[in-house]
Amino acid sequence: MTAVVTIDADRPGPTISRHLYGHFAEHLGRGIYDGMWVGEDSPVPDVRGIRLDVVEALRELNIPNLRWPGGCFADRYHWRDGIGPRQDRPALINTLWGGTLEDNAFGTHEFMDLCELLGADAYVCGNIGSGTVQEMSDWVEYLTGAGRSPMADLRRSHGRDEPWTVRFWGLGNETWGCGGNMRAEAYADLARQFGTFCRSGNETPLYRVAAGADGADTAWTETLMRVVPEIGAHPFAAVPWEGVSVHYYTIGGTWTDKGSATAFGPEEYWRTIVAAQGVDDLLRAHAAVMDVYDPDKKYGMVLDEWGTWWDVEPGTNPGFLYQQNTLRDAMVAALHFDVFHRFADRLTMANIAQTVNVLQAMLLTDPDGGPMVRTPTFHVFEMNKGHHDATSLPTHVAGPSRAVAGRDVPTVSASASTRDGSMLVSVTNVDLDAPVEIELQVRGGVVSDATGRVLSAGSAAAYNRPGAADVVSPVGLDHLERTPAGLRLTLPPHSFATVSATIQHA
Ligand code: AHR
């Protein structure tokens with residue numbers, strides 16, 4: 001099989017925000033506790049209670065931002081429970097996720113410490129479902145207040161003089177569901193109210209994100225977007241948010257029978273690929289609504305939860321959402337990023353759910369102290385990090401497809417970007433059985449010094465585990481040659497590759 005991938009090097013597109021490679025860590029299962037926070041007395045090597053191996057691995061990804069504390073947990077979280085001396089913090093049961101004891105050891109200061117260690121921006125999701133406007137406004141002041149104020153002084157009394165820079169704030173989460181079961185109109189009013197009272201306490205302006213739709217519910221997005229011409233035109237009123245979110249999970253089965261992360265056949269595999277490709281339609285539909293009210297694209301679309309969701313691993317707490325991560329998950333991630341790059345003019349942020357030990361994780365830690373494992377998804381993030389803040393290049397694929405349940409499913413996906421005289425191309429072959437030869441045609445530029453890496457394995461169900469941590473990890477791409485039009489490469493079945501090259505624009 002062959003595919004022609006055409007890249008227009010002389011028609012630069014919008015910048016691919018690094019925030020499209022954002023992350024998400026919720027107080028859920030072993031995501032925070034054990035996954036990131038082990039406490040200062042732990043035998044696990046840590047910095048002030050934050051585990052070192054995780055920090056070091058995540059730094060390899062240059063993670064741009066981290067969303068916290070939820071998720072559904074955010075609309076139950078009262079931030080004052082998580083400040084001050086740890087022994088004085090209240091303990092409660094996390095009834096939402098697994099019924100574990102939440103002792104609030106990981107709170108605001110610990111989260112900001114983690115962000116600083118990672119070099120990532122904080123994205124704090126406020127509590128709209130069960131909190132008050134005053135509570136959220138106080139949290140913003142506590143974190144960002146530069147001058148004298150009760151909240152800034154409270155922060156100082158807990159050992160932090162300087163305000164933090166926290167740009168990103170979520171105005172609740174999934175308020176159509178776990179965040180309050182609200183109607184769109186009721187939530188839109190609350191978002192206006194909460195957003196109005198979230199004011200930065202220092203010179204960094206806030207980027208407030210209104211909690212968005214469940215999947216394809218464009219009516220929800222429309223209800224939120226109507227505020228733009230309405231309020232924006234009033235001389236004394238500013239639109240109370242800068243972005244609108246949406247969530248989209250790739251479910252290979254159904255919500256009640258999602259299927260195993262590792263034991264799947266061709267049918268489940270292809271259903272997953274089709275579901276992952278569905279993110280394109282989803283973003284297109286929401287973007288079309290946003291375009292009506294905001295043709296100049298001043299407001300952003302924020303996909304602040306995405307990724308695969310399988311049945312939990314046998315024997316684990318169903319409320320912990322712990323799942324394995326195979327090469328199939330890597331295919332899903334790679335397909336998403338190509339779509340994100342195409343929507344770079346509207347999509348300002350995306351956050352994979354979730355970073356460690358929960359859903360489509362980058363890292364899986366061992367509760368019994370064994371070595372941590374980088375998942376296949378981790379490697380897609382790492383191989384693609386050259387796209388962060390690079391200029392997108394229009395990319396067109398003419399390639400093979402497979403008939404799946406009566407529809408044509410394209411099996412090759414690609415995207416490209418450029419920065420400082422170099423070009424990065426990402427290419428995925430989702431075909432389960434067939435390799436594909438890719439003719440990379442670069443229009444308006446001449447490429448040289450090309451090198452490539454490929455992520456693949458003998459089976460799409462392959463995964464990494466302690467003792468076999470590199471079953472799925474990138475290796476050099478052998479079949480890469482220059483052609484008069486650009487480059488030629490061959491990709492094995494179910495594989496993802498990146499090609500870096502020097503480019504001279506014509
Ligand atoms: O990521 C797990 C959960 O999925 C989040 O808490 C919620 O927002 C979504 O439904």
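In each ligand, atom 1 is the first atom listed, and ligand 1 is the first ligand listed. Here the structure is a predicted model, which means the values were calculated and not measured. Note: hydrogens, waters and symmetry copies are ignored here, and every other heavy atom, side chains too, is used.
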Side chains of Thr218 and His286: do they bring a donor and an acceptor to under 3.5 Å? no
The complete set of side chain to side chain donor-acceptor pair (under 3.5 Å) pairs with one or both residues in residues 69-78, sequence neighbours excluded, reads His78-Glu135
Between Arg89 and Glu102, does any side-chain N to carboxylate O distance fall below 4.0 Å? no
Give the residue and atom name of whichever protein heavy atom lies nearest to atom 1 (O) of ligand 1, and the separation in Å to one decimal. Tyr249 OH, 2.8 Å
Before signing off on this row, confirm whether Cys72 and ligand 1 have an N or O atom pair separated by under 3.5 Å. yes
At a 4.0 Å threshold, what atoms of ligand 1 neighbour a non-hydrogen atom of Phe24? 1 (O)
Do me a favour and list the nearest non-hydrogen protein atom to atom 9 (C) of ligand 1 with residue, atom name and distance? Glu305 OE1, 3.0 Å
His109: ring-ring contact (aromatic ring centres under 6.0 Å, His included) partners, not counting sequence neighbours: Tyr142, Trp164
Using ring centroids (six-membered ring only for Trp), state whether Tyr299 and Trp241 fall under 6.0 Å. yes
For Gln354, the atoms of ligand 1 under 4.0 Å from one of its heavy atoms are 1 (O), 2 (C)
Is the Tyr123-Phe24 ring centre distance short of 6.0 angstrom? no
Ligand 1 versus Leu359, non-hydrogen atoms closer than 4.0 Å: side chain, backbone, both, neither? side chain
What part of Trp309 sits under 4.0 Å from ligand 1 if we count only heavy atoms: the side chain, the backbone, both or neither? side chain
Identity and distance of the protein heavy atom lying nearest atom 10 (O) of ligand 1: Glu174 OE1, 2.7 Å
